[in-house]
Amino acid sequence: MPISGDRHRFTTWQISGAPLGRGVYVLWEKDEPIYVGATRGDATLCFCLQEHYARRIRPHDATHFSCEICPEPPNREAELLAEFRIANSRLPRCNDASS
């Protein structure tokens, strides 16, 4: 999945170092991307990842995350989801509304 950020372990320590800017993120379970998300409003990447980790929003069973700062997070999220669908004939399992 072409996201410019490195993969990090999904731990409080690693999440605390996530960018305080707006952008997109991918949650991984081992080597499988399970969710693509984007910041909304004034939320930061760090805040969104903390919300997943604290189990306030789903999914929260990730093992790793990657993130990318970008000017239009919802548009970039849509691009990443479209690329994933083309490559895999489906959405990441936690983005799939039928899951």
Side-chain angles (χ1 to χ4, degrees):
M1 172 165 270
I3 189 166
S4 65
D6 295 330
R7 277 183 42 182
H8 305 279
R9 291 188 49 79
F10 195 59
T11 64
T12 55
W13 177 256
Q14 294 291 323
I15 292 169
S16 69
L20 296 175
R22 297 171 9 110
V24 293
Y25 58 96
V26 176
L27 298 179
W28 303 77
E29 186 172 39
K30 299 180 182 161
D31 291 328
E32 176 192 1
I34 61 170
Y35 184 76
V36 175
T39 59
R40 303 280 195 257
D42 293 332
T44 66
L45 287 163
C46 186
F47 176 81
C48 290
L49 293 167
Q50 288 170 342
E51 291 292 287
H52 285 281
Y53 189 83
R55 304 176 76 84
R56 288 188 277 270
I57 55 176
R58 291 184 171 264
H60 37 69
D61 55 351
T63 59
H64 296 81
F65 72 92
S66 50
C67 54
E68 171 185 303
I69 292 177
C70 61
E72 298 291 334
N75 293 346
R76 180 69 173 129
E77 176 189 37
E79 288 174 8
L80 291 170
L81 288 170
E83 290 172 12
F84 188 93
R85 184 187 294 271
I86 289 168
N88 299 282
S89 300
R90 64 176 179 83
L91 290 173
R93 67 182 164 137
C94 296
N95 286 102
D96 186 357
S98 66
S99 296

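Note that the structure is predicted; figures quoted are calculated from it, not measured. Values reported hereafter were calculated over all heavy atoms of this structure, with side chains retained and with hydrogens, waters and symmetry mates removed.
Listed by chain and residue number, L45, C67, I69 satisfy the side chain to side chain contact (heavy atoms under 4.5 Å, CB included) test with P19 (two or more places apart in sequence, or in another chain). Residues meeting the ring pair (Phe, Tyr, Trp, His ring centres under 6.0 Å) test with H8, sequence neighbours left out: F65. Residues satisfying the side chain to side chain donor-acceptor pair (under 3.5 Å) test with Y35, not counting sequence neighbours, are none. The salt bridge (charged side-chain N to carboxylate O under 4.0 Å, His left out) test applied to D6 returns no partner, not counting sequence neighbours. Partners of E79 under the side chain to side chain donor-acceptor pair (under 3.5 Å) rule, at least two apart in sequence or in another chain, are R76. For the side chain to side chain contact (heavy atoms under 4.5 Å, CB included) test, residues two or more places apart in sequence or in another chain that qualify with N88 are F84, R90. Not counting sequence neighbours, H64 has no partner by the side chain to side chain donor-acceptor pair (under 3.5 Å) test. Taking the side chain to side chain donor-acceptor pair (under 3.5 Å) definition, one finds that S66 meets it with W28, sequence neighbours left out.
The list of salt bridge (charged side-chain N to carboxylate O under 4.0 Å, His left out) pairs with a residue in residues 11-31, not counting sequence neighbours, reads R7-D31, E29-R93. The salt bridge (charged side-chain N to carboxylate O under 4.0 Å, His left out) contacts involving residues 46-56 comprise E51-R56, where partners must be two or more places apart or lie in separate chains. Applying the salt bridge (charged side-chain N to carboxylate O under 4.0 Å, His left out) test to every pair with at least one member in residues 36-45, sequence neighbours left out, gives these pairs: R40-E77.
Clustering of Ile, Leu, Val, Met, Phe, Trp and Tyr by side-chain heavy atoms under 4.5 Å joins F47 with none of the others.
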